[in-house]
2 protein chains.
Amino acid sequence: MKTLEEKAEKFNYNDLNERSREILLGIIEGYFGTANPVGSKFIAENSKLNLSPASIRNIMASLEEAGYIYQPHFSAGRIPTAKGYKFYVDSLMKTEQITLKEKEDIEIRLTSANRDLNGILNQVSILLSDLSHYAGVVLAPDMSEANLLHIEFIRIKEKNILAIIVFANGVTENKSFYITKDIKQNELTRYSNKLNEIIEKKHCSLDGLKEIIVEEIHNDKENFYSILNMEIFSSIGNVSGYWDYEHYDNCLYVGPEGDLIEEPEFSNNEQIKFLIKTISDKKNIIKLLGHTKNSKTKQIFIGSEEEWSEISGLSLITAPYISGTNMIMGSIGIIGPLRMNYSHVIPIIDFVSEFLSGII
Amino acid sequence: MKTLEEKAEKFNYNDLNERSREILLGIIEGYFGTANPVGSKFIAENSKLNLSPASIRNIMASLEEAGYIYQPHFSAGRIPTAKGYKFYVDSLMKTEQITLKEKEDIEIRLTSANRDLNGILNQVSILLSDLSHYAGVVLAPDMSEANLLHIEFIRIKEKNILAIIVFANGVTENKSFYITKDIKQNELTRYSNKLNEIIEKKHCSLDGLKEIIVEEIHNDKENFYSILNMEIFSSIGNVSGYWDYEHYDNCLYVGPEGDLIEEPEFSNNEQIKFLIKTISDKKNIIKLLGHTKNSKTKQIFIGSEEEWSEISGLSLITAPYISGTNMIMGSIGIIGPLRMNYSHVIPIIDFVSEFLSGII
DNA sequence: ATTAGCACTCTATATGTTTAAGTGCTAATC
DNA sequence: GATTAGCACTTAAACATATAGAGTGCTAAT
């Protein structure tokens, strides 16, 4: 009987020894290939280690005790746990290079169409699905701190105004709203001209503009600001809550999931339903993408019972994208099975997020 | 042995006799309730006809011969065929009234938010999913013949221009594009002012505007149109191909399908995959919604092997929506199983399409 | 420290049996 | 002549049982 200390030394719980690493890697890569539990015989035959199945079994038992792998039932091979995948991604994986062909594909598909931002983000979600054969997702940026470029008001009909807000990064938002007193188009034009003067001078955000206006009204000697209808301003004021939780319908783009559901894990009916519900509900995906957006670094969420249970059985790889001013950002991601081809998907996410940051 | 003529008389292939209709209705409604094949005993006990199971069996055999029902296997009950559903929808079904609560729900959810058209259409797709518990879909309108309200050009950076095109129905399109020679903002403003003058006078579409400009340039004595940069015009000229097959990514809104996949037909793995692929591929749905848009009437597509096989095993109920000028339109729809609750869904589609036509 | 050998466990597969549902047909009945 | 009771038949689904195969943990030998 070995003591706990001896075991801890042997397998070095924090950073597995060479042999354990090799076997864990073998199990994970074997499982990637077949989607079936991997047994000691397979490892013995396929790894560089010249060990008998019996020795491998010893090490496997320890890896299982340490939580990196598990057995679906007594006489089955081993499957990586979330902890196992995590260790793989952090320490074992050799990241592939993105191919030239993929690079070209990304460049062509994201630059050829002269679309607005919504069109580009939608295109990115489709592109990510196509490249990964999983499901691409894109979280639209939050515009609340973006600098303005231009504001325009158009009278659609009596008491109904359309506000067009153009941000410095090319994003436009349109919002139609009603006011209590009708305003003629030429008065609206004077109003927007005045706002655009301020915008050009101060390079401010929507909130910033609001502050400036309030101050100018305060010092308004010439009474010029009588034309500033505060009703309009409060209507456009909250346009910028682009993806708060009330309007989350419009902030997540999901690429086609036709390839993803062909993965063998989704031959189980419960799993496919969980996947579709998770994706079509959107809320949890938005929450996780929001994490990445806030943390400003690439993140990998591996869903288990204990951690990220909202995507239990699924993995989500995400990275933020940023505008030229480093202010505005959202995030992109790929959803797949735990058994995801991390070494292929991660460079795709890296390249697309970087490329996207460059063009918006 | 009966002759064919006698049978034809008895069951009146074109318009089933009273007794056959009653039994077909019983089978269909029974199948709606349980999703299981319906046998003669069930009909004998649940229909108004006081007939023994044996008599019902006779009639069932004829209904099967005529193609309205079929048996999944020899000793099973009967299931309606696509032809059976069609007959039900056309002749047997009593349409329910939409409830006051549903009406209010629709009105609140489509008027409360002051969104742009894209936001409304997205909201409609979600609303349809919620009300029907199936999957709502919405095809965005084709803007190529829509009247213009306003055009605006904004210089984003050197040689990069953002065009904002506002249509009379409140739809806005934004398109960023590059030109070969830089143009200052004040020249762009002069240009758009001129275009807006024409728009206000002539109430024309984008194509119409193009024609007018070409003609005016032809008669341009004062050389005013030197500022009309044809490069710009050709760039915005093809903005309006809103949902041609090259850009179909952006023209279909699909509501959440979480409820739909809980229907018992999707406990079969093949069927759920077909559903997800059909929905995520979009092309076929767009095609079918396009039919309705062009025919300008409500339509019901019941997918079988023979007809509408692209949605085999699914039903799609669609109706067009139109703008105030009766020119611009798209269509809305609900996708569900063949065993869809038609009498509930059809009035929802009717009301929503009418209501939507009223507000855009 | 490693491994051959073996008993053991569990799944997957095939096979046979039973049950229940529902049919089509025939002959009797209204 | 229309209706129906009765019955033999078909099939799927549920259940039980046997078998093969994969893979394990443990022990004793190397």
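Residue numbering restarts at 1 for every chain, and letters A, B, ... go by the order of the sequence lines. Predicted, not measured: the structure shown is a model, and the values here were computed from it.
- For Glu262(B), the CD atom is densely surrounded, since the number of other residues' heavy atoms within 6.0 Å is greater than 12.
- Side-chain atoms of Thr292(B) and Ser331(B) include no donor-acceptor pair closer than 3.5 Å.
- One atom, CD1 of Ile43(B), and another, C1' of dT23(C), lie 15 Å apart when rounded to the nearest Å.
- Looking at Ser75(B), its side chain comes within 3.5 Å of the base of dT11(D) through a donor and an acceptor atom.
- OP1 and OP2 of dG5(C) both lie 4.0 Å or more from every side-chain N or O belonging to Arg57(A).
- Rounded to whole Å, the distance from NE2 on His73(B) to C1' on dA20(C) is 11 Å.
- Of the side-chain N and O atoms in Arg78(B), none sit less than 4.0 angstrom from OP1 or OP2 of dG22(C).
- Ranked by how close their nearest DNA chain D nucleotide is to the 5' end, Pro53(B) and Ala61(A) are led by Pro53(B).
- Surrounding NZ of Lys41(B) are at most 12 heavy atoms belonging to other residues, nucleotides or ligands under 6.0 Å away.
- Taking only side-chain nitrogens and oxygens, Ser40(B) comes nearer than 4.0 Å to OP1 or OP2 of dT23(C).
- Note: Phe32(B) and Tyr88(B) meet the aromatic proximity criterion, with ring centroids under 6.0 Å apart.
- A straight line from CG of Asn58(B) to C1' of dA27(C) spans 14 Å, rounded to a whole angstrom.
- One interatomic measurement links the two molecules: CD1 of Ile69(A) to C1' of dT24(D), which rounds to 12 Å at whole-angstrom precision.
- Other residues, nucleotides and ligands place more than 12 heavy atoms under 6.0 Å from the CG atom of Asp90(B).
- Side chains of Ser315(A) and Tyr342(A): a donor-acceptor N/O pair is present below 3.5 angstrom, by distance only.
- Atom-to-atom, NZ of Lys41(B) to P of dA20(C) comes out at 12 Å; the value is rounded to the nearest Å.
- Per the geometry, CZ belonging to Phe74(A) stands 5 Å off C1' belonging to dT9(C), to the nearest Å.
- At a cut-off of 3.5 Å, with distance as the only test, a side-chain donor of Ser55(A) or Ser52(A) sits close to an acceptor on the other residue.
- Rounded to whole Å, atom C1' of dA22(D) lies 11 Å from atom CG of Asn36(A).
- The shortest distance between the side-chain N/O atoms of Ser52(B) and the OP1/OP2 oxygens of dT4(D) is below 4.0 Å.
- Between the CD1 atom of Ile79(A) and the P atom of dT24(D) there is a distance of 12 Å, given to the nearest Å.
- In DNA chain D, runs of at least 3 stacked Watson-Crick or G-U pairs (N1-N3 plus N6-O4 or O6-N4, or N1-O2 plus O6-N3, all under 3.5 Å) give these stems: C:1-30 with D:1-30.
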